[in-house]
Amino acid sequence: MAASVPVETPTLEWRDTKRYAWLLGAVIPLIPFLAWGLVEWTGLDVFWYFGPVFVFVVIPLLDLVVGLDPNNPPDDVIEHLENDKYYRWITYAFLPLQYLCIVWTAWMVTRPEYDLADRIGMAVSAGIVAGIAINTAHELGHKKEKHERWLSRVALAHTFYGHFFIEHNRGHHVRVATPEDPASSKLGETIWAFLPRTVLGSLRSAWGLEKRRMQRRGISPWTLRNDVLNAWAMSAVLWGGLVLAFGVGVLPFLLIQAVVGIWLLESVNYLEHYGMRRQRTESGRYERVNPSHSWNSNNIGTNVLLYHLQRHSDHHANPTRRYQALRDFPEAPVLPTGYAGMIVLTWIPALWRRVMDKRVVAHFGGDVTRANILPGKEERYRAAYPLPSDAAGSAAA
Amino acid sequence: MARFRCPGCDYVYDEDAGDPHEGWPPGTKLADIDPDWACPDCGVREQQDFVPVEG
């Protein structure tokens with residue numbers, strides 16, 4: 001497909017300039033320890049909130065300063081790059097650190113010397129880690145190797161979000177950029193309306209997918225062979241173990257960190273496909289997923305910390321491809337900054353629409369009717385972004 | 001019995017082996033599988049897109 005040829009890089013000269021930068025991903029699960037260090041060093045309790053400050057202030061600034069990453073691996077090194085085990089060990093290494101983070105924070109929140117505000121800060125910072133752990137789980141869950149799919153569920157245990165690995169791979173990837181996908185946000189839909197739709201819709205879809213799989217195998221869905229249930233069982237063991245070790249006082253902490261983690265992950269879902277819609281082909285099926293159906297960002301800062309998640313177009317076109325081999329496509333729609341900065345924009349829906357809506361319309365060549373519009377808002381968008389034929393007063397197609 | 005490859009990734013559906021994890025017992029013909037059944041590895045292509053593997 002000529003439209004999907006990535007930016008050319010001469011093969012002989014190519015080397016992975018980010019090879020060692022990927023190690024920086026391990027900074028994320030160390031956030032609570034960095035927060036503790038900053039509190040101890042400065043004496044300021046406000047640093048318990050270092051997690052959100054790091055993700056919503058430090059990383060967006062880093063993206064603005066460090067800028068874009070034009071580096072694309074050429075076709076003939078992709079296989080070699082994917083087979084280099086060094087890269088997958090980096091994602092595996094995230095998991096023990098992530099578990100160290102939740103156990104340590106559970107212990108910290110039950111210590112008497114900290115007040116309520118400190119504890120909430122610890123929980124929110126741990127939630128940031130849990131949310132970005134869903135990104136690690138995402139990378140692992142797409143792989144063909146059984147042990148990586150298992151590790152994916154281990155990484156999702158913090159947030160009770162094990163069903164994500166089912167729904168994301170077999171629901172979201174199949175229906176992406178269609179009105180039927182709960183995890184593809186619609187033009188005019190605010191993050192606050194999207195959150196309940198995606199959380200509940202994805203849960204329902206994951207259960208349905210596994211229920212149908214169990215039906216085909218002729219067994220009841222109420223079994224640990226159901227991947228939704230065995231993934232939740234891991235969460236029950238983790239949460240139960242922490243309650244046994246530190247008392248029921250850790251439950252509010254566990255709830256807060258899970259909610260923060262889920263909100264962070266779903267915020268990323270919100271901006272990855274905002275307004276994008278696959279058109280129907282003559283047979284009635286949706287056109288194949290191609291790079292134009294996902295928002296991308298090539299900011300190095302967020303890209304290194306999220307394992308190239310922002311090269312989202314290549315990911316949706318080739319979901320099993322490993323993170324280090326993902327490429328940038330010139331025809332993919334590009335967000336004005338990295339994912340971290342874009343999440344901040346979602347907090348103010350009017351501002352989000354001001355920045356994003358015109359970009360969605362431009363992506364569809366000025367034809368807003370081709371976008372995935374929130375039902376009920378079609379007329380308003382049609383009036384705000386008239387087609388040339390509307391302006392001429394002729395009947396538009 | 002024949003083998004079919006997902007055109008989106010390297011997944012191969014072998015009718016002899018089936019895919020018991022997906023609920024297709026050994027011997028299940030590709031033609032008997034739901035046309036909307038998505039590739040269990042990539043999720044991008046469906047049963048109706050699968051192509052025969054030679055040999």
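Bear in mind that the values here come from a model prediction, so they are computed numbers and not experimental data. Letters go in sequence order (proteins before strands), and every chain restarts at 1. Values below: all heavy atoms of this structure, side chains included; hydrogens, waters and symmetry mates excluded.
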Provide the closest heavy-atom pair for [X] versus [Y] in the form atom of the first, atom of the second, distance.
{"X": "A/R149", "Y": "B/P40", "answer": "NH2-O, 4.0 Å"}
{"X": "B/C42", "Y": "A/P319", "answer": "O-CG, 3.3 Å"}
{"X": "B/A38", "Y": "A/V174", "answer": "CB-CG2, 3.6 Å"}
{"X": "B/D41", "Y": "A/T320", "answer": "O-CG2, 3.4 Å"}

Around atom [atom1] of [X], are there more than 12 heavy atoms from other residues, nucleotides or ligands closer than 6.0 Å?
{"X": "B/D16", "atom1": "CG", "value": "yes"}
{"X": "A/R285", "atom1": "CZ", "value": "yes"}
{"X": "A/W150", "atom1": "CH2", "value": "no"}
{"X": "A/H80", "atom1": "NE2", "value": "no"}
{"X": "A/E79", "atom1": "CD", "value": "no"}

Derivation and outcome, side-chain contact (heavy atoms from CB on, under 4.5 Å), residues B/D10 and A/K144: CA-CA 10 Å; B/D10 296 329; A/K144 292 164 185 271; 4.1 Å; yes
Carboxylate-amine/guanidinium proximity below 4.0 Å for B/D34 and A/R216: no
Salt-bridge contact B/E22-A/R217 (side-chain N to carboxylate O under 4.0 Å): no
Part of A/H316 lying under 4.5 Å from any heavy atom of chain B: backbone
Per-residue contact mode, A/R225 against chain B (heavy atom under 4.5 angstrom): neither
Gap between atom CZ of A/R213 and atom NE2 of B/H21 - 0.5 Å precision: 4.0 Å
Distance (rounded to the nearest 0.5 Å) between A/R170 CZ and B/C39 SG: 11.0 Å
Toward chain A, the part of B/P20 with a non-hydrogen atom under 4.5 Å: backbone
Segment of B/D36 engaging chain A (4.5 angstrom heavy-atom cut-off): neither
